[in-house]
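Heads up: the structure comes next, in structure tokens.
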Number of protein chains: 2
Amino acid sequence: MGSIDNPRVHELSQILKALGHPTRLFIIEEIAEEPACVCVLKERIGADTSTVSKHLSILRNAGLVTMEKKGTMVYYSLSCACIKDCIKALSPLIELKHKRYCEMLQ
Amino acid sequence: MGSIDNPRVHELSQILKALGHPTRLFIIEEIAEEPACVCVLKERIGADTSTVSKHLSILRNAGLVTMEKKGTMVYYSLSCACIKDCIKALSPLIELKHKRYCEMLQ
DNA sequence: TGAATATTTTGCAATATCGCCAAATAACAG
DNA sequence: CTGTTATTTGGCGATATTGCAAAATATTCA
């Protein structure tokens, strides 16, 4: 049945890998609220423009975001609302981890 | 509001990073069906036992799996069913990517 | 055309990840 | 205790990721 060579697994893991970086996850959550251009994201992140642009290219490559040019600026937005659902789905796990952490302290 | 220093973002990205590897995602989907021990996972994956064990430790560290010893064997299982939901939530994106790919070919 | 602004690309050094091997640890059976 | 099996850990080379700086590209405006 499910094999490690299943292309679906690789496709999914590429998407999850793209989400698995603080800066990129932050970008995703920002543009989930409202599309934003690189210069604004750069300000909110506090990193070099080239760094932000590279993260965006990784997200683009994984198909997570779409870009739209307006003048010299490029606005990025989520390519699928389901990405929000994916992240939201992990809330119970986060809570569980906090609960376990509190128990561990005792 | 949402800042790049928000610990929640880092916690979430750690989880997603752990999921962002083909072997680890495969493990997650396997044990989502039914808990499995390292030796069985090793067979299904076709990698060194130590490699599988190390992937499992990453998943453990991210709080995604829990272990239970039975004799000399260690059985791993999902720590939260929500992980399945997280992965399932991405199906529309996968479909979207396929659709885009087909359009691109024309 | 030429200056100004926004973004991407390239180059590079620092760091992290990956996968195998070998050694260490743990649990059980005889 | 000894040998056996299952798993984890440490070590190490190969490869990938990360982030900044500099150069290249694209678009607008004068």
Side-chain angles (χ1 to χ4, degrees), chain A residues 3-5 9-28 30-31 34-77 79, chain B residues 3-5 9-28 30-31 34-77 79:
Chain A
S3 143
I4 187 74
D5 302 316
V9 170
H10 288 263
E11 223 166 330
L12 267 173
S13 66
Q14 190 210 10
I15 292 170
L16 292 160
K17 185 177 185 177
L19 291 171
H21 186 284
T23 300
R24 291 195 292 266
L25 188 59
F26 178 78
I27 290 172
I28 289 290
E30 284 293 308
I31 67 179
E34 185 175 27
C37 62
V38 182
C39 54
V40 166
L41 290 172
K42 165 213 154 80
E43 288 304 322
R44 297 191 190 152
I45 292 165
D48 199 89
T49 312
S50 66
T51 301
V52 175
S53 179
K54 227 177 234 174
H55 281 302
L56 284 165
S57 86
I58 291 168
L59 291 171
R60 223 185 313 132
N61 218 265
L64 291 162
V65 302
T66 54
M67 58 198 286
E68 187 182 358
K69 288 200 107 168
K70 285 184 185 171
T72 61
M73 308 214 284
V74 180
Y75 282 80
Y76 281 88
S77 49
S79 65
Chain B
S3 144
I4 188 73
D5 302 318
V9 170
H10 289 263
E11 223 166 329
L12 267 173
S13 66
Q14 189 209 11
I15 292 170
L16 292 161
K17 185 176 185 177
L19 291 172
H21 187 284
T23 300
R24 291 196 292 267
L25 189 59
F26 178 77
I27 290 172
I28 288 290
E30 284 294 308
I31 67 179
E34 185 176 25
C37 62
V38 183
C39 52
V40 166
L41 290 172
K42 164 213 154 79
E43 289 303 325
R44 296 189 192 155
I45 292 164
D48 199 90
T49 312
S50 66
T51 301
V52 175
S53 178
K54 236 172 227 177
H55 280 303
L56 284 164
S57 87
I58 290 169
L59 291 171
R60 223 185 313 129
N61 218 265
L64 291 163
V65 303
T66 54
M67 55 197 290
E68 189 182 356
K69 287 200 109 170
K70 285 184 186 171
T72 60
M73 307 213 285
V74 180
Y75 283 79
Y76 280 88
S77 49
S79 65

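Proteins get letters first, then strands, A, B, ... in listed order; numbering begins at 1 in each.
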Think A/H21 has a side-chain N or O under 4.0 angstrom from the OP1 or OP2 of D/dA16?
-> no

Whether B/S13 side chain and B/V9 backbone form a donor-acceptor pair below 3.5 Å | yes

To the nearest angstrom, how far is B/Q14 atom CD from C/dA16 atom P?
-> 14 Å

Rounded to whole angstrom units, what separation is found between the CG atom of B/D48 and the P atom of D/dT7?
-> 13 Å

Less than 4.5 Å apart, any side-chain heavy atom of B/I28 and any of B/R24?
-> no

Could you tell me whether a side-chain N or O of A/H10 sits under 3.5 Å from a main-chain N or O of A/I4, the two making a donor and an acceptor?
-> yes

Ordered by number, residues from residues 56-68 of chain A within less than 4.0 Å of DNA chain C (heavy atoms) are A/R60, A/M67

Nearest-neighbour nucleotide for the A/V74 side chain, D/dT18, D/dT8, C/dT7 considered = C/dT7

Do B/S50 side-chain and C/dC21 base share a donor-acceptor contact under 3.5 Å?
-> yes

A/Y75 OH to C/dA6 P, in whole Å, measures 10 Å

Below 4.0 Å: OP1/OP2 of C/dG19 and any side-chain N or O of B/H55 = yes

To the nearest angstrom, how far is B/H10 atom NE2 from D/dT18 atom P?
-> 14 Å

State, with a plain yes or no, whether a side-chain heavy atom of A/M73 is found less than 4.5 Å away from one of A/C39.
-> yes

Could you check how far NZ of A/K54 sits from C1' of D/dA23, rounded to whole Å?
-> 13 Å

Please report the closest heavy-atom contact between A/A18 and A/L64, naming both atoms and the distance.
-> CB-CD1, 3.6 Å

Under 3.5 Å donor-acceptor pair, A/K42 side-chain atoms to D/dG19 base atoms = no

With sugar-phosphate meaning primed atoms plus P, OP1 and OP2, does A/K17 contact a base, only sugar-phosphate, or nothing at under 4.0 Å between heavy atoms?
-> sugar-phosphate

Can you tell if the side chain of A/V74 reaches within under 4.5 Å of the side chain of A/L56, non-hydrogen atoms only?
-> no

Given atom CD1 of B/I4 and atom C1' of D/dT18, what is their separation to the nearest angstrom?
-> 13 Å

Any donor and acceptor pair, going by atom type alone, linking the side chain of B/S53 with main-chain N or O of B/S50 inside 3.5 Å?
-> no

Find the distance B/L25:CG to C/dC18:C1' and express it as a whole number of Å.
-> 17 Å

How close or far is atom P of C/dC18 from atom CD1 of B/I27, stated in whole angstroms?
-> 11 Å

Using a cut-off of strictly less than 4.0 Å, decide whether B/T72 has a side-chain nitrogen or oxygen near OP1 or OP2 of D/dT7.
-> no

Can a side chain N or O of A/Y76 be found less than 4.0 Å away from OP1 or OP2 on C/dA6?
-> no

Among the nucleotides D/dC20, D/dA26, D/dA6, which one has an atom lying closest to any side-chain atom of A/K69?
-> D/dA26

